[in-house]
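Only one structure is covered here, and it is reproduced in the block below.
To find a chain, count down the sequence lines: A is the first, B the second, and so on, and within it residues start at 1.
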2 protein chains.
Amino acid sequence: MNQSLLIAWEQYRDLYEEISVPARTILLEEGKVARYAYYIREGGVRAWFNNKGKETSFQFFFEGEGVSAMESFRTGQPSMYTIETLSAARLLKISKENFDLIADSTPGFKAALEEAVFQRLLHYRKLFVCQIRDTPQERYATLVADQPHILQRVPLQYIASYLGITPVSLSRIRNKFQK
Amino acid sequence: MNQSLLIAWEQYRDLYEEISVPARTILLEEGKVARYAYYIREGGVRAWFNNKGKETSFQFFFEGEGVSAMESFRTGQPSMYTIETLSAARLLKISKENFDLIADSTPGFKAALEEAVFQRLLHYRKLFVCQIRDTPQERYATLVADQPHILQRVPLQYIASYLGITPVSLSRIRNKFQK
DNA sequence: ATAATTTCTTAACAATTGTAAAGAGATGCT
DNA sequence: AGCATCTCTTTACAATTGTTAAGAAATTAT
């Protein structure tokens, strides 16, 4: 579900639908099975889970990216997290059945999917490595340098949990950063 | 490179070799291209990288597991990290060429490899989530509960970096834990 | 527009972690 | 065995982060 999977979607127009939803729309709730995957035409999405009463956001998605609770969509197991829009969004919505149909009938699709899975593996490993190697200040600086759009479009409280710190600590780091 | 890939290795015995190496043998050095993958018959291995003069260990491997610098082995890019034995080890060593030969000629191999990649994606995501959600104490407790063999077989200084803390801090946490 | 709500910042204090250094303990080498 | 080296623990102090609470700023709703 990344850009390499954008191949030939238009010929399957009857297998997915385009929907428009407001901000804070829950696309998949923690504990439920993901029967749909989404592709973001416009807007932002976050993935988060409940942690002792507080929300921990661990991934953000924007235009041109695919979103689903991967392992739930793949295995049929209940999702460990919620997927929710950050803003009003326009999405392509496809069912698991139709997704599999396309995967089975499109040459190269599964190879592209495998590559996307591999790239996401590298992405998560990088996030883990940054966590054990870098300080919160360094992680914030990396975010500013590499993914400034996240800072512009995601509320700071969500970014704080993504960085593994509290909103108060993030605010202090930002304060230092200005000087 | 996990247990599901153990299928039918014996019929390819001329495509890999079994080697025995002492502790602290570097199987792949940071900056070099991974031309071989390994399967651990006996012993332990760690993956680490240089971080401002200090070593940061981010993964440990033992009997029955496959080891390689994944993306280097796959893409031919220089590896970002070093792979080194923790103890004397007995390993199966296979070249990239022979690995691809087997992958191409064994039905189901690529599907099993894809599944292994997916499982490792989930593994790294879990590590990342533990980092942003749990305290160092909680992460240590999880290690004690879920992977006690790591504590028994890996020097504490390496475990400390894996938990994202200093050896001093780990020592303090262990001290508290005894009580 | 105004009020209500939510988000972000700031401050004070407690708790945790990092750093540096010293000593104890374990391991390895000849 | 004895020496040297490496690892782990402990201590003291500095720096950072978490927690709680209050106020400022921004957003949302009516």
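- Distance from the side chain of B:Gln157 is smallest to D:dT7 among C:dC8, D:dT11, D:dT7.
- In this structure, the OH atom of B:Tyr140 is 17 Å from the C1' atom of C:dT17, given to the nearest Å.
- Residue A:Leu170 is out of contact with every strand shown, counting any heavy-atom pair closer than 4.0 Å.
- Rounded to whole Å, atom P of C:dT9 lies 12 Å from atom CD1 of A:Ile173.
- Taking atom CZ of B:Arg153 as the reference point, atom P of C:dT27 lies 15 Å away to the nearest angstrom.
- Computed from coordinates, the B:Arg133 CZ to D:dG18 P distance equals 16 Å when rounded to whole Å.
- Phosphate proximity of D:dT9 to B:Arg174: present, with a side-chain N or O under 4.0 Å from OP1 or OP2.
- Distance, A:Gln152 CD to C:dC8 P: 15 Å, rounded to whole Å.
- The side chain of B:Lys176 sits closest to C:dT16 out of C:dA12, C:dT16, D:dT11.
- In this structure, B:Ile165 atom CD1 and D:dC8 atom P are separated by 13 Å, rounded to whole Å.
- Legend: residues meeting side chain to side chain donor-acceptor pair (under 3.5 Å) with B:Arg35, ordered by chain and number and at least two apart, are absent.
- Not one side-chain nitrogen or oxygen of A:Ser171 sits closer than 4.0 Å to the OP1 or OP2 atom of C:dC8.
- Both the sub-6.0 Å distance and the 45° axial angle are satisfied by A:Arg74 relative to the ring of B:Phe118.
- Distance A:Ile132 CD1 to C:dT17 P: 16 Å, rounded to the nearest Å.
- At the phosphate of C:dT9, neither OP1 nor OP2 sits under 4.0 Å from any side-chain N or O atom of A:Asn175.
- In this model, the phosphate group of D:dA15 is not approached by any side-chain N or O of A:Gln137 to a distance below 4.0 Å at OP1 or OP2.
- Among the heavy atoms of the strands lying under 4.0 Å from A:Ser169 are primed sugar atoms or P, OP1, OP2 only; no base atom is included.
- The side chain of A:Pro155 lies closest to C:dC8, out of C:dG18, D:dT19, C:dC8.
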In sequence, state the C-alpha distance, the side-chain angles, and the governing distance for A:Thr56 and B:Arg133, and then conclude on side-chain hydrogen bond (donor to acceptor under 3.5 Å, both in side chains).
CA-CA 7 Å; A:Thr56 299; B:Arg133 182 191 58 197; over 6 Å; no
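- A salt bridge does not link B:Lys110 with A:Glu114: none of the charged nitrogens is closer than 4.0 Å to a carboxylate oxygen.
- Position along DNA chain D of the nearest nucleotide to B:Leu156 versus B:Arg172 favours B:Leu156 as the more 5'-ward residue.
- Counting heavy atoms from C-beta outward, A:Met80 and B:Lys126 have side chains that stay 4.5 Å or more apart.
- With D:dT17, C:dC8, C:dG18 as the choices, the nucleotide that has an atom nearest any side-chain atom of A:Pro136 turns out to be D:dT17.
- Look at CZ on B:Phe177: it is 18 Å from C1' on D:dT9, rounded to the nearest Å.
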